[in-house]
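Written below as structure tokens is the structure these notes are about.
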Amino acid sequence: MDAYLELTDVEIAFPTPTVPFVAIQNINLKIKQGEFISLIGHSGCGKSTVLNIVAGLYQATKGGVILEGKEVDQPGPERAVVFQNHSLLPWLTAYQNVELAVKQVMKKASKAEVKDWIEHNLKLVHMDHAMHKRPDELSGGMKQRVGIARALSMQPKVLLMDEPFGALDALTRAHLQDSLMEIQNELNNTVIMITHDVDEAVLLSDRIVMMTNGPGATIGEIAEINLPRPRNRVVLTEDAAYNHYRQQVLSFLYEKQAKVEL
Amino acid sequence: MKLPVFLEPYVALVKGVNPKDNATLIFRQLGLPVVGLLVFMMVWSGAAKNIETSLGNFPGPVEVYNQFTNLVDEHQAEKEKAQAFFERQQARNEARMAQDPDFVSTIRPYTGAPTFFDQIKTSLFTVFTAFVIGSLIAIPIGILIGMSDGLYRAVNPIIQLFKPVSPLAWLPLVTLVVSALYISESPMFQTAFIVSAITVLLSSIWSTIINTAVGVATVSKDLLNVSKVLNLNAWTHVTKILIPSAIPMIFTGLRISLGIAWMVLIAAEMLSQSPGLGKFIWDQFQNGSSESMSRIMVAVLVIGLIGFFLDRLMLLLQKTVSWDKSAVLR
Ligand SMILES: Nc1ncnc2c1ncn2[C@@H]1O[C@H](COP(=O)(O)OP(=O)(O)OP(=O)(O)O)[C@@H](O)[C@H]1O
Ligand SMILES: [Mg+2]
């Protein structure tokens, strides 16, 4: 398998006054170009930590990440992040938020090209009608759409999403999942997405990476999701294969890695 | 046209909508402050009658008002004198020019005593100079300190040390240093002006520095991550992320600083004999006439009023530059 993005023996130890706290260890993962990967695991196991290492926001204390043959050692626009709580700049409009990103990656482009590209990306997430509204005038789902548009507008090599739909109601979430599948069908990005939602993981992913509980969390199982695309959530509920995948992930989370409540 | 909110109950009352509720609302908005003011006046004039000093009774509201009109009259008289003085010079110069075409005319400045209103102008000019220069120094320093945890830890004790220092403690040092360093043939500014401006600056910048630093240091971690992922350069990072986030804190600091600056200025002028309201008060005190106390009381009220307006001015400025128009500022 030709790896586009490769995590090798990644381990991170956060300094504490006593012994360093090893949050994750032995993370090995090879990801193909255009693959959609979901990271699933119990709260606090280290999913965000893995994502932050790929983003370059954290440095692995052992092992490392290689993207297209180059080691990742700092954050950059070729690894765009969609943050859990949208993280739009509240003093800028949707358009200006995307503009800030576009200006970083299209430094030589003309004004008109930049404008077209910003509008194109906002259209992609169906936000062209509210381009000039500020985040506090947008609903949660709309903010998240703008966050996705901002990430997509950078034409990243890898799109990293940390529970992008976690804070949304079920209907809005389903809507955005469909939008994301549509966009993914068109652009074929390489994506790593963190989620808590088993249905979401099965619906969207090519592979689901299931993480064990921390501390010292690592990859427990990987499920290949061989469902044909485009996928339809309503049709899939009756699909035996779909239900089998769901069952596999649920069993990992609630039987093998059952979280002991303290 | 949309009416300001505070006018709505009046309009409603005129239209006869909800007369009882609106009357209550108007009483709370307008009536209560007026009642407070009236009670204050009564207590003041009552107390004033019972305070005997070497210069007679403490002035009540009426005496103070009379002195205020006197000060206005004096100001106008002085302006007319100045006007007449310049007209006389002009006439003389023209007459000389008519006789001798080579004559180069010079206009000598008027050297009458500054009036109360001239002193107000001087004070306002000094406080603005000190405040603007102080803010231009304090905000960048605050941003720098706020950006680095290490720098913040290193500098914070120094700021905390200087913040509570009274201007009176700085003044002698500033006077000595300025008179040693600021020597020029034809000084653009009076030494006394520079001394009071620097003293004001030294006493007032600390709040702006510390508030700006805290504002910058508490910028949301998510936004900092966004900045890192976008690879924003230092300038964009500061102008698009840090400053907008810190604007409310920066303004809190600026308002405290301006308040302190205004307070400190009066004391500095009094002590350093530099022109301004402080000197006006000091001169009246030295004068010791029967009017002095009333005049000082006029100055006290004017100082309070100006301080209040300065704060409102900052609030207005904050409202214009702040991105969150819905935030309640008070
Ligand atoms: N900067 C840090 N310093 C110290 N410990 C950290 C740091 N970041 C994360 N951790 C620890 O690492 C562990 C994993 O955290 P992480 O945020 O990656 O979990 P997560 O799987 O994303 O959880 P959630 O699903 O709740 O978001 C936690 O125990 C957390 O306390
Ligand atoms: Mg997380």
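As a basis for the values below, the full set of heavy atoms in this structure was taken, side chains included, without hydrogen atoms, waters or symmetry mates. These numbers were taken from a predicted model, which means no experiment stands behind them. Chain naming here is simple, since letters A, B, ... match the order of the sequence lines and numbering starts at 1 in each.
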- prompt: Under a 4.5 Å heavy-atom cut-off, does chain A meet the side chain of B:Ile247, its backbone, both or neither?
  reply: neither
pair B:Val226-A:Val81: side-chain heavy atoms closer than 4.5 Å: no
task: Answer yes or no: are there more than 12 heavy-atom neighbours, outside B:His237 itself, under 6.0 Å from its atom NE2?
output: yes
Min side-chain heavy-atom separation B:Val229-A:Leu160 under 4.5 Å: no
task: Give the member of A:Glu78, A:Met154, A:Arg150, A:Gln74 that has the highest number of heavy-atom pairs under 4.5 Å with chain B.
output: A:Arg150
- prompt: What closest approach, in Å, do A:Pro75 and B:Asn231 show between heavy atoms, and which atom pair accounts for it?
  reply: O-OD1, 3.7 Å
message: Counting only non-hydrogen atoms closer than 4.5 Å, does A:Pro156 touch chain B with its backbone (N, CA, C, O), its side chain (CB onward), both, or neither?
response: neither
query: Can you find a heavy atom in the side chain of A:Leu89 that is under 4.5 Å from one in the side chain of B:Ile241?
result: yes
Under 4.5 Å from any heavy atom of chain B - which part of A:Arg79: backbone
statement: Expected contact set for residues 201-222 of chain B against chain A at heavy-atom separation under 4.5 Å reads B:Asp222
Spacing of OG1 belonging to B:Thr236 relative to NZ belonging to A:Lys103, to within rounding of 0.5 Å: 9.5 Å
- prompt: Hey, is the main chain of B:Lys240 close enough, under 3.5 Å, to the side chain of A:Trp91 for a donor-acceptor pair?
  reply: yes
query: Between B:Leu223 and A:Leu88, which heavy-atom pair has the shortest distance, and what is it?
result: CD2-O, 3.8 Å
message: Between A:Pro77 and B:Leu230, is there a side-chain heavy-atom distance shorter than 4.5 Å?
response: no
field: Over 12 foreign heavy atoms within 6.0 Å of CZ, A:Phe21
entry: yes
task: Under 4.5 Å heavy-atom distance to chain B, tell me which part of A:Asn85 shows up: side chain, backbone, both or neither.
output: side chain
- prompt: Checking heavy atoms, do the side chain of A:Ala101, its backbone, both or neither come under 4.5 Å from chain B?
  reply: both
